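What follows is a set of notes on a single structure, which appears directly below.
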Amino acid sequence: MKNNLIIFTGPSGVGKGTIVNQLFQELEDIEFSISCTTREIRPGEKDGVNYFFKSRDEFETMIKADAFLEHAEFVGNYYGTPRNFVDDTLASGKDVFLEIEVQGAIQVMQKCPEALSIFLIPPSLEELERRLRKRGTESEEVLQERLAKASEEMKFTGQFKHTVVNDDVSLAVRKLKTLILGARKG
Ligand code: 5GP
């Protein structure tokens, strides 16, 4: 059995979070990498659980200290994957799961070509808009930016080892689980 770095990406609002929650209830020997971000904390989120919430100054100091495996600016905020957690978890023999946006995912694929990379696709851009509106966490302006970003991001699907369409959550979770368990067999 071999443990892996898993890169899970897809446009904002595609449903990555829902799938991750379900997946983590069903899998063992896998750790979720908690990212750092400079965006505002949303109601219900907790520092150190959903993200490590940082000021721009703190984040930029971490960039200078080479503390990130990857980082990207997404719709006006920084997001980054702390390097130490990934290294330590991989050394401990467990899988590490990164749920990140597309530019960061591409950076990690370049640094770690052996990683299992998965792109989650919405059934359509119209459905993506409907889901983002239903979530209701963004202003209209940010929502429009996230939608514009989504159609840009969709152009990169071909660079990922696997694509999964999120039209049915349980089916998507099952596909992801199969890919992750399959990668352990090498
Ligand atoms: P949100 O603000 O909705 O939590 O996240 C916005 C986007 O940033 C999502 O696509 C999410 O997957 C991505 N993201 C979360 N953490 C990271 C990270 O560490 N690095 C990068 N590049 N993207 C991230």
Side-chain angles (χ1 to χ4, degrees), residues 5-24 31-56 58-63 65-87 89-90 96-112 115-122 125 128-157 159-160 163-164 166 172 176:
L5 178 59
I6 298 144
I7 308 167
F8 184 50
T9 195
S12 167
V14 67
K16 297 193 291 289
T18 311
I19 287 184
V20 170
N21 285 340
Q22 205 163 310
L23 185 74
F24 270 74
E31 296 282 342
F32 184 83
S33 160
I34 302 171
S35 300
C36 295
T37 185
T38 59
R39 91 148 155 68
E40 294 276 303
I41 189 162
R42 290 181 188 144
E45 286 186 329
K46 284 202 177 75
D47 188 30
V49 175
N50 305 91
Y51 284 104
F52 297 107
F53 292 93
K54 305 282 180 196
S55 66
R56 281 189 86 83
E58 286 170 329
F59 200 101
E60 283 168 0
T61 305
M62 290 180 75
I63 297 175
D66 201 22
F68 294 117
L69 171 63
E70 62 71 37
H71 64 90
E73 197 145 5
F74 180 84
V75 193
N77 285 298
Y78 282 129
Y79 294 81
T81 303
R83 181 193 296 283
N84 285 350
F85 179 81
V86 174
D87 290 347
T89 309
L90 286 175
V96 183
F97 191 96
L98 310 184
E99 189 249 275
I100 60 180
E101 55 71 59
V102 177
Q103 291 310 313
I106 292 170
Q107 289 176 48
V108 182
M109 291 199 294
Q110 284 161 353
K111 286 182 191 164
C112 316
L116 175 66
S117 56
I118 305 164
F119 194 109
L120 188 68
I121 307 178
L125 284 174
L128 187 72
E129 177 166 356
R130 205 186 59 78
R131 288 181 193 178
L132 271 174
R133 288 195 185 283
K134 193 165 154 227
R135 190 167 81 180
T137 49
E138 274 82 27
S139 65
E140 181 63 25
E141 191 189 345
V142 172
L143 190 138
Q144 289 302 336
E145 283 181 66
R146 284 187 180 234
L147 279 175
K149 185 91 181 168
S151 36
E152 281 303 305
E153 290 178 327
M154 291 295 290
K155 296 179 186 155
F156 295 96
T157 51
Q159 298 195 24
F160 291 78
T163 49
V164 172
N166 189 19
L176 236 76

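Since we're looking at a predicted model, the values are computed, not measured. Sequential numbering from 1 along the given sequence is applied to the chain's residues. Just follow the structure's listing: the first ligand is 1, and inside any ligand the first atom is 1.
For R42, the closest heavy-atom approach to ligand 1 falls below 4.0 Å. For R146, the heavy-atom gap to ligand 1 drops under 4.0 angstrom.
Residue contact check: A72 has heavy atoms under 4.0 Å from atoms 22 (N) of ligand 1.
Of all non-hydrogen atoms in C36 and Y51, the two that sit nearest each other are C-CD2, 4.4 Å. E101 and A72 make their closest contact through OE2-CB, 3.1 Å (heavy atoms, listed as atom of the first residue, atom of the second, distance). Closest approach of R146 to S12, counting heavy atoms only: NH1-OG, 2.8 Å.
For atom 11 (C) of ligand 1, the nearest non-hydrogen atom of the protein is E99 OE2, 3.5 Å. Nearest protein heavy-atom neighbour of atom 19 (O) of ligand 1: S35 OG, 2.7 Å. Ranking the protein heavy atoms by distance from atom 20 (N) of ligand 1 puts E70 OE2, 2.7 Å first. Looking at atom 4 (O) of ligand 1, its nearest protein heavy atom turns out to be Y51 OH, 2.5 Å. Counting protein heavy atoms only, atom 10 (O) of ligand 1 is closest to K16 NZ, 3.0 Å. Closest to atom 23 (N) of ligand 1, if we only count protein heavy atoms, is E101 N, 3.0 Å.
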Without placing hydrogens or testing angles, list every side-chain donor-acceptor pair under 3.5 Å for residues 74-83, not counting sequence neighbours.
from	atom 1	to	atom 2	distance (Å)
N77	OD1	T38	OG1	3.2
Y78	OH	E60	OE2	2.9
T81	OG1	E70	OE2	2.5
R83	NE	D66	O	3.1
R83	NH2	D66	OD1	3.0
R83	NH2	F68	O	3.0

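Of all the heavy atoms of Y79, the ones lying under 4.0 Å from any atom of ligand 1 are found in both the backbone and the side chain. The part of R39 lying near ligand 1 is the side chain, judged by heavy-atom distances below 4.0 Å.
Judged purely by atom type and a 3.5 angstrom limit, Q159 has no side-chain atom pairing as donor or acceptor with the backbone of F156.
Of the candidates R39, R133, R42, R131, E138 forms a salt bridge (charged side-chain N to carboxylate O under 4.0 Å, His left out) with just one, namely R42. A side chain to side chain contact (heavy atoms under 4.5 Å, CB included) with L69 holds for exactly one of N84, V86, I100; it is V86.
A donor-acceptor contact closer than 3.5 angstrom is absent between the side chains of Q107 and Q103.
Ligand 1 has no N or O atom lying under 3.5 Å from any N or O atom of F74, backbone or side chain.
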